[in-house]
Amino acid sequence: MIEEKVINKVGIIYLNRPEKLNAINLAMVERIYSILKKWEDDENIKVILFDSLVKKGFSAGGDLKEIYTNYLVNDNCKDKSYLFKKEYELDAYINSYKKPIISHWQGIVMGGGVGLTINSDLIICEPNVKWAMPETSLGFVPDVGVGKYISKLPQALGQYVGLCGVSLSSSDLVKYKLADVAIKENSYQILLEKLYALSTIFSGDDLINEFKIEASKFEMKENDSVLQKNLSKINKYFSYDSMEEIYNNLKVNLDDDFALNCYQNLSKKDPFILTIQFEKYFVGKNLTYNQTLDLDLKIVQYAIKTKSIHEGIRAKIIDKDNNPNWPHKSFQEVSINEVKDLLLS
């Protein structure tokens, strides 16, 4: 599931779980941690590279089936948020890692895979990247510290991305500083050889800066993504001051295909979870990365307590009936005081 290799002065961690599209489980978290710990003080390794041996993607996120079976519905499991805790600990460790980290995003890049690599010193994207944080459809909110980055996006865009769990392209990611360089197709292997050569000469920030110069030579021209084409409508519908206002304004504009799609997206989700995510966008602006992780764990534990995460994963992954029985049925049932208590206490 996790493979390691050292080439010149580059320590490579490969995700290689093709049957699960590199969905991250506890064994993978522990393995990655042990490799990083081993390499942290190894003078023969100057930089870490996160990569995937699975062509379809870097990672589909966390292993939701394992979370559901081994933790959520397992009566013998005392700490049902254990995997989340270990994952967040790894993410925090990576954020404070002594050596520079480079990540290569390709294909599907979601959830836990984003969290694993979002704090890299350099992120390279392939043209086929489909990046998303779809947790609101699963009964919780974008976690693994990524909320810190969503809160840096312009308000309407941050709400659209966080609430709807939409896919972003490589050019979107670079434009909004979620990644560093979007490279042309079939140029990565050439670029890797440059990294191996540079690692024998440079270290630290100098290595990252030199490699970024090389990567920019293979940069893909920015193109008009679906997101960019819809930006005016995103601003129109997602700039309101409450979650309920967003929802109601979409509802009265169903003759607009964009509004209809967004309304259908949101109407399938737990109103309480959506409200949490809406308010979390603003709260996240004043949190450090580690404080964001602490809040993520608090929200996950709440979702476990109310069983919204049980229903989300059951309906989407286990039974696949896409008919979750959410704890809250409407926005009228949502107490804003309860939301703020969860986010601010």
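Starting from 1, each residue takes its place in the sequence as its number.
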Under 4.5 Å between side-chain heavy atoms, chaining through other members, with only Ile, Leu, Val, Met, Phe, Trp and Tyr counted: pull out the rest of the cluster around Val226, sorted by chain and number. none

Any chain of hydrophobic side-chain contacts (each under 4.5 Å) joining Tyr263 to Val166? yes

Verdict with supporting geometry, Tyr88 and Asp294, side-chain hydrogen bond (donor to acceptor under 3.5 Å, both in side chains): CA-CA 9 Å; Tyr88 298 172; Asp294 290 341; over 6 Å; no

Check whether any side-chain heavy atom of Asn44 lies under 4.5 Å from a side-chain heavy atom of Val6, and answer yes or no. no

I'd like to know if the side chain of Thr69 reaches the main chain of Glu66, judged simply by a donor and an acceptor atom lying under 3.5 Å from each other, with no hydrogens or angles considered. no

Would you check if the side chain of Lys148 reaches a backbone N or O of Leu287 as a donor-acceptor pair within less than 3.5 Å? yes

Please check: side-chain N/O of Asp172 versus main-chain N/O of Leu168, any donor-acceptor pairing under 3.5 Å? no

Listed once per pair and sorted, the side chain to side chain donor-acceptor pair (under 3.5 Å) pairs that draw on residues 111-124, sequence neighbours left out: Ser103-Ser120, Trp105-Thr117, Asn119-Tyr149, Asn119-Tyr289

Is there a donor-acceptor pair closer than 3.5 Å between any side-chain N or O of Asp180 and the backbone N or O of Ile124? no

Mind checking salt bridge (Lys or Arg N to Asp or Glu O under 4.0 Å) for Asp270 and listing every partner two or more places apart, or none if nothing turns up? none

What are the two closest heavy atoms between Cys125 and Ala179, and how far apart are they? SG-CB, 3.4 Å

Should we count NZ of Lys38 as having more than 12 external heavy atoms under 6.0 Å? yes

Taking the side chain as C-beta and beyond, is there a heavy-atom pair between Cys164 and Phe238 under 4.5 Å? yes

Tyr33 and Tyr93 aromatic ring geometry - parallel, tilted or perpendicular at 30°/60° bounds: tilted

More than 12 heavy atoms of other groups within 6.0 Å of Glu43 CD: no

For Ala182 and Val174, the nearest pair of non-hydrogen atoms, with its separation, is N-CG2, 3.6 Å

Which distance, rounded to the nearest 0.5 Å, do you find between the CG of Asn16 and the CD1 of Ile2? 8.5 Å

Is it true that atom NZ of Lys177 has more than 12 heavy atoms of other residues, nucleotides or ligands lying nearer than 6.0 Å? no

Run the salt-bridge test on Arg314 and Asp319 with the 4.0 Å N-O cut-off and return the result as yes or no. yes

Minimal non-hydrogen separation, Cys77 against Asn70, with atom names: CB-O, 3.7 Å

Taking atom types as modelled and ignoring hydrogens, do the side chains of Tyr281 and Lys285 form a donor-acceptor contact shorter than 3.5 angstrom? yes

Is there a donor-acceptor pair under 3.5 Å between the side chain of Asn253 and the backbone N or O of Asn249? yes

Would you mind reporting whether Leu250 and Leu266 have side-chain heavy atoms less than 4.5 Å apart? yes

Where the side chain of Lys80 meets the backbone of Asn74, is there a donor-acceptor pair that is under 3.5 Å apart? yes

So, for Gln277 and Ile150, which heavy atoms are closest and what is the spacing to 0.1 Å? NE2-CG2, 4.4 Å

Does Tyr237 have any ring pair (Phe, Tyr, Trp, His ring centres under 6.0 Å) partners at least two apart in sequence or in another chain, and if so, which? none

Apply salt bridge (Lys or Arg N to Asp or Glu O under 4.0 Å) to Lys217 and list each qualifying residue two or more places apart in sequence or on a separate chain. Glu214

Contacts of type side-chain hydrogen bond (donor to acceptor under 3.5 Å, both in side chains), residue Lys98, not counting sequence neighbours: Asp41

Strictly by modelled atom types, are Asn8 and Thr200 linked by a side-chain donor-acceptor pair under 3.5 Å? no

Close side-chain approach of Phe50 and Ile32, heavy atoms under 4.5 Å: yes

Pairing of Asp42 and Lys37 as salt bridge, 4.0 angstrom limit: no

Count I, L, V, M, F, W, Y as connected when their side-chain heavy atoms are under 4.5 Å apart, and connections chain through other members. Are Val29 and Phe84 then in the same cluster? yes

Please list every donor-acceptor pair under 3.5 Å in which a side-chain atom of residues 183-191 meets a protein atom from a residue at least two apart or in another chain.
| residue | atom | partner | partner atom | Å |
| --- | --- | --- | --- | --- |
| Ser187 | OG | Lys184 | O | 2.5 |
| Tyr188 | OH | Asp51 | OD2 | 2.8 |

Lys305 side chain vs Val300 backbone, donor-acceptor pair below 3.5 Å: no

Ile24 side, atom CD1; Leu90 side, atom CG - distance, nearest 0.5 Å: 8.0 Å

Using only atom types and a distance under 3.5 Å, with no angle test, would you say the side chain of Asn95 pairs donor to acceptor with the backbone of Asp91? no

Kindly compute the distance separating OH (Tyr160) from SG (Cys262), expressed to the nearest 0.5 Å. 5.0 Å

So, do Val47 and Lys9 sit near enough that their side-chain heavy atoms are less than 4.5 Å apart? no

Residues in salt bridge (Lys or Arg N to Asp or Glu O under 4.0 Å) with Asp63, at least two apart? Arg17

Using a strict cut-off of less than 4.0 Å between a Lys/Arg side-chain nitrogen and an Asp/Glu carboxylate oxygen, indicate whether Glu4 and Arg31 qualify as a salt bridge. yes

Hey, do the aromatic rings of Phe278 and Tyr240 have their centres closer than 6.0 Å? no

For the residue pair Val10 and Ile45, establish whether any side-chain heavy-atom pair is separated by less than 4.5 Å. no

For Asn325, what residues pass the side-chain hydrogen bond (donor to acceptor under 3.5 Å, both in side chains) criterion, not counting sequence neighbours? Lys329

Give a yes or no answer on whether the side chain of Ser59 reaches the backbone of Asn22 with a donor-acceptor pair at less than 3.5 Å. yes

Nearest-0.5 Å distance, CD1 of residue Ile208 to NZ of residue Lys99: 13.0 Å

Who are the side-chain hydrogen bond (donor to acceptor under 3.5 Å, both in side chains) partners of Lys20, not counting sequence neighbours? none

Okay, side chain of Asn209, backbone of Asp205: is any donor-acceptor separation there less than 3.5 Å? yes

Between Thr136 and Lys269: side-chain donor-acceptor atoms closer than 3.5 Å: yes

Exercise: identify the closest heavy-atom pair between Gly162 and Pro142: O-CG, 3.8 Å

Compute whether any side-chain donor of one residue and acceptor of the other, for Ser242 and Glu245, lie under 3.5 angstrom apart. yes

Suppose we screen for side-chain hydrogen bond (donor to acceptor under 3.5 Å, both in side chains). Which residues come up paired with Gln291, at least two apart in sequence or across chains? Thr288

Any Lys316 side-chain heavy atom under 4.5 Å of Ser137 side chain: yes

Are any non-hydrogen side-chain atoms of Leu49 and Ile13 less than 4.5 angstrom apart? no

Assess the residue pair Glu87 and Tyr82 against the criterion (side-chain hydrogen bond (donor to acceptor under 3.5 Å, both in side chains)); give the C-alpha distance rounded to whole Å, side-chain angles, the decisive distance to 0.1 Å, and a yes or no. CA-CA 9 Å; Glu87 187 178 11; Tyr82 183 75; over 6 Å; no

Mind listing the closest non-hydrogen atom pair of Val144 and Leu293 along with its distance? C-CD2, 3.5 Å

Ignoring hydrogens and geometry beyond distance, is a side-chain donor-acceptor pair present between Lys130 and Ser169 at under 3.5 Å? no

Residue set satisfying salt bridge (Lys or Arg N to Asp or Glu O under 4.0 Å) with Lys85, at least two apart, ordered chain then number -> Asp79

